[in-house]
Number of protein chains: 2
Amino acid sequence: MTDQLSSGDRSAACDELFKTLSDGTRRALLEYLVKEGEQSVHALTAISAVSQPMVSRHLGKLKRARLVTARRAGRETYYSARVKGLAPVVQWMAIYGALWSQRFTALEELAEPA
Amino acid sequence: MTDQLSSGDRSAACDELFKTLSDGTRRALLEYLVKEGEQSVHALTAISAVSQPMVSRHLGKLKRARLVTARRAGRETYYSARVKGLAPVVQWMAIYGALWSQRFTALEELAEPA
DNA sequence: TCCATTCATAACAACATGGTTATGACTTTG
DNA sequence: CAAAGTCATAACCATGTTGTTATGAATGGA
């Protein structure tokens with residue numbers, strides 16, 4: 001129980017989540033799925049700046065991180081965003097404790113464009 | 001201006017932040033700084049599983065991501081957490097819009113261990 | 001002054017990552 | 001059946017990452 005630092009399990013989930021989210025192309029794919037709903041690989045390739053195999057691999061990583069789900073229909077595969085997959089990240093944010101809940105609005109304002 | 005997906009500026013900040021946070025050692029350092037306050041490299045090395053040069057490099061990346069600040073005092077360098085540095089990540093989370101604010105508590109519960 | 005402490009950097013090895021093109025499996029359609 | 005569309009995987013390259021050990025630059029103290 002001496003997990004003062006390396007909380008060896010939950011930390012692994014955060015590792016994968018943060019690493020997955022650290023790529024702009026993957027975040028763009030995820031954003032698109034969140035905004036537009038279920039999309040085929042073909043459609044996602046169309047809006048991406050990289051090749052179709054790369055899109056497939058990015059989607060594979062998103063799927064492995066449980067940030068998307070895949071549904072196969074005929075020769076097409078439809079991917080959907082899975083928001084709940086962000087839970088470990090949200091939980092990690094809780095290390096900021098009061099800072100988080102109390103200053104959330106402050107951060108929100110700070111984050112506002114104009 | 002055709003940044004339908006690659007919102008080329010804010011995205012860069014998220015890239016660096018997520019990439020920085022994707023390493024467990026760095027997250028552990030940051031957590032420690034948040035919980036225990038300002039610490040010297042020596043102290044941070046003591047609680048880390050890696051060598052002192054590696055701790056310095058991790059701290060360098062955290063500093064570059066603006067997640068910590070450094071204060072030099074004699075031969076020691078004291079690092080502090082900089083919570084505001086998380087703002088771009090919080091802002092990015094806003095792509096989930098209503099999902100974020102409305103389901104925040106749901107996610108919190110979901111994230112709860114027991 | 002001389003030595004120990006503290007920290008950062010350089011050099012290197014091992015490995016992972018993002019990108020490409022080529023190809024194969026499968027499905028729909030003509 | 002044959003051809004075209006959709007997706008995933010393999011092979012490969014270039015680059016970046018984490019980790020190490022060795023070393024150098026300052027600072028503090030005997």
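So you know, we letter chains A, B, ... as the sequences are listed, proteins then strands, and number each from 1.
Taking every heavy atom of residues 69-79 of chain A and every atom of DNA chain D, pairs under 4.0 Å involve A:Arg75, A:Glu76, A:Thr77, A:Tyr79, by number. Only A:Ser56, A:Arg57, listed by number, bring a heavy atom of residues 54-65 of chain A to less than 4.0 angstrom from any atom of DNA chain D.
Under a 3.5 Å cut-off, the side chain of B:Arg82 and the backbone N or O of B:Thr69 do not form any donor-acceptor pair. For the pair A:Arg71 (side chain) and A:Tyr78 (backbone), a donor-acceptor distance under 3.5 Å is absent. Side-chain N or O atoms of A:Arg72 include none that pairs as donor or acceptor with a backbone N or O of A:Thr77 at under 3.5 Å. Here the side chain of A:Arg26 pairs a donor or acceptor atom with the backbone of A:Thr20 at under 3.5 angstrom.
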Pair B:Ser56-B:Gln52, side-chain hydrogen bond (donor to acceptor under 3.5 Å, both in side chains): steps then yes or no: CA-CA 6 Å; B:Ser56 279; B:Gln52 174 267 312; 3.2 Å; yes
Worked verdict on A:Asp15 versus B:Arg27 for salt bridge (charged side-chain N to carboxylate O under 4.0 Å, His left out): CA-CA 9 Å; A:Asp15 263 44; B:Arg27 281 200 314 280; 2.6 Å; yes
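Separation of atoms CZ (A:Arg75) and NE2 (A:His42) is listed at 10.0 Å; rounding is to 0.5 Å. Interatomic distance, CG of B:Leu62 versus CG of B:Asp23, reported as 8.5 Å (0.5 Å rounding).
The separation between A:Leu21 atom CG and C:dG18 atom P is 12 Å, rounded to whole Å. The separation between A:Lys19 atom NZ and C:dA16 atom P is 9 Å, rounded to whole Å. In this structure, B:Leu44 places its CG atom 9 Å from P of C:dC7, rounding to the nearest Å. When the P atom of C:dT5 is taken as reference, atom CD of B:Gln52 falls 14 Å away, rounded to whole Å.
Looking at heavy atoms from C-beta onward, A:Leu67 lies out of side-chain contact with A:Tyr79 at the 4.5 angstrom threshold. Side chains of A:Leu86 and A:Leu21 form a contact here, defined as non-hydrogen atoms less than 4.5 Å apart.
Between chain B and DNA chain D, the heavy-atom contact criterion of under 4.0 Å yields a 5' to 3' nucleotide range of D:dT17 to D:dG28.
B:Gln39 pairs in a side chain to side chain contact (heavy atoms under 4.5 Å, CB included) with only one of the listed residues (B:Leu33, B:Thr45, B:Ile47), which is B:Leu33.
A:Ser40 comes within 4.0 angstrom of sugar-phosphate atoms only, judged by non-hydrogen atoms across all strands, and of no base.
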